[in-house]
Amino acid sequence: MTGTYHIWTIGCQMNEADSRHLASQLEALGFVETRKADDADIAVLNTCVVRQQPEDKAVRKLTGLGGVKKSRPGMIIALMGCMVGKREAEGLLKTFPFVDVFMAPSQTDCLIDFILRHDAYSHLDRAQTELADYRLPAVNRDKAVTAFVPITLGCSHACSYCIIPYRRGPDRSRKPDEILGEVRALAEQGVKEVNLLGQIVDRYGFDLEEGINLAWLLKEVAKTEGLLRIRFLTSHPAYMDDELIRAVAETDKVCPYFEIPFQAGSDRILKSMRRGYTQAEYRQIISNIRSILPDASINTDVIVGYPGETEADFLETVKLTEDLRLDMHHIAKYSPRPRTLSFKMKDDVSAEEKERRRVLLDEVVRRINVEKNEGLLGQTVEVLVEEFQEKKNRWRGRTSHNKLVFFEAEGDCLGKLMNIKIDWAGPFSMIGTAE
Ligand code: SF4
């Protein structure tokens, strides 16, 4: 063993994928995972700044590690992810002088370079990490049923409130061979479901040769032996076309599942957000999906309390939610992020009002979810089993529509497709019996 590492991850699936990649590189060099960052020879914080709360959490965690390093000066501390941007690294170094490496999202090689130059580890060889991209880290190896595979990196859209384009750079597609190689390797290691990731995943291939797009890639990934399910996220309404929807409908392994944020119901707010579509255009996309795939499951993201959002604007969001009856809604209260366009706007919806709107919309969403999930009572659904929850002595899995299902069963169900009869339905999960 070369030493120990710990990676603390917060934020989106893209961060999870980056952490997996880094863990496999560190393990290829002989490092072994340890459960606590305080005990690790290499401690990495993979951060998110989409909202204030995860950023505050990372700062608290980092400050604590600074204290630990005083008693263990040989420890290497790396800060990774969206907290680190080119311009920010200098300022961060002044605030956190004990951090050894600052890595922008997906730039894991910076830490590997630092380790290889470090006196204690200079005997290690970079060549050891070459195959690491496709290897699952030990922490995942026995239980990874699903894995995240980035296919586009960065985002060029620049929605007014979003910090991601400034942190992850303009969007670019990964080469198909690289993606297909990674998926094949994951399947060989027991992964049953891959989630193809991108900030705007349906832009995949815009910078590659003609004919290579997400619809094409889904069909290619589906040829992977041993793989049972494929999902992709997150889509943008402006790039979702019928070719992609048909590819989902026609490719067995691709789940009938879409993640398409609408963010707001009011055209005035959508324009200010620079989302690039109107409410009517969003409705049309949902109608196109449902005409090709009538039972498709559709998740969305919504922001309440954006600058200038009046009660009338908010009620348009509620009406859109009521009308479309989508399957899941991730509701966020607007939080201004420095360097974004909307940061210069007056954050004029009070914290109490944002919370009132969140709660009101959440009630609508819960009602819709219960009504939809109760429609499955007594029916049998196919669940891919992802985890055994020891404390509750039950298995957890998902339907192809991404509905969460819990059930009790003897024997090892991990990674298997099981038929579960639904006995109870709540807003966010269901409980059933194995058949
Ligand atoms: S599409 Fe908009 S919200 Fe999504 S990552 Fe890009 S800028 Fe951010």
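Indexing begins at 1, ligand by ligand and atom by atom, following the structure's order. Residues take their numbers from the sequence shown, with the count starting at 1.
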**Request:** Output, by chain and residue number, all protein N/O/S atoms separated from atom 2 (Fe) of ligand 1 by less than 2.8 Å.
**Result:**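 Under 2.8 Å from atom 2 (Fe) of ligand 1 - ignoring waters, which are not counted - the protein N, O or S atoms are C159 SG.
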
**Message:** Can a side-chain donor-acceptor contact be found between D171 and H157 if the only test is distance below 3.5 angstrom?
**Reply:**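 There is no such pair between these side chains.
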
**Message:** Is it true that T278 and D267 share a donor-acceptor pair across their side chains at a distance under 3.5 Å?
**Reply:**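 T278 and D267 do not have a side-chain donor-acceptor pair below 3.5 Å.
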
Lys/Arg N to Asp/Glu carboxylate O, [X] vs [Y], below 4.0 Å:
{"X": "E371", "Y": "R325", "result": "yes"}
{"X": "D362", "Y": "R366", "result": "yes"}
{"X": "D327", "Y": "K403", "result": "yes"}

**Item:** Nearest neighbour in protein (non-hydrogen) for atom 3 (S) of ligand 1
**Value:**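 Here the closest protein heavy atom is Y161 OH, 3.6 Å.
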
**Heavy atoms from other residues, nucleotides or ligands near CD of E225 exceed 12 (cutoff 6.0 Å)** =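 No, CD of E225 has 12 or fewer neighbouring heavy atoms, counting only those of other groups under 6.0 Å.
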
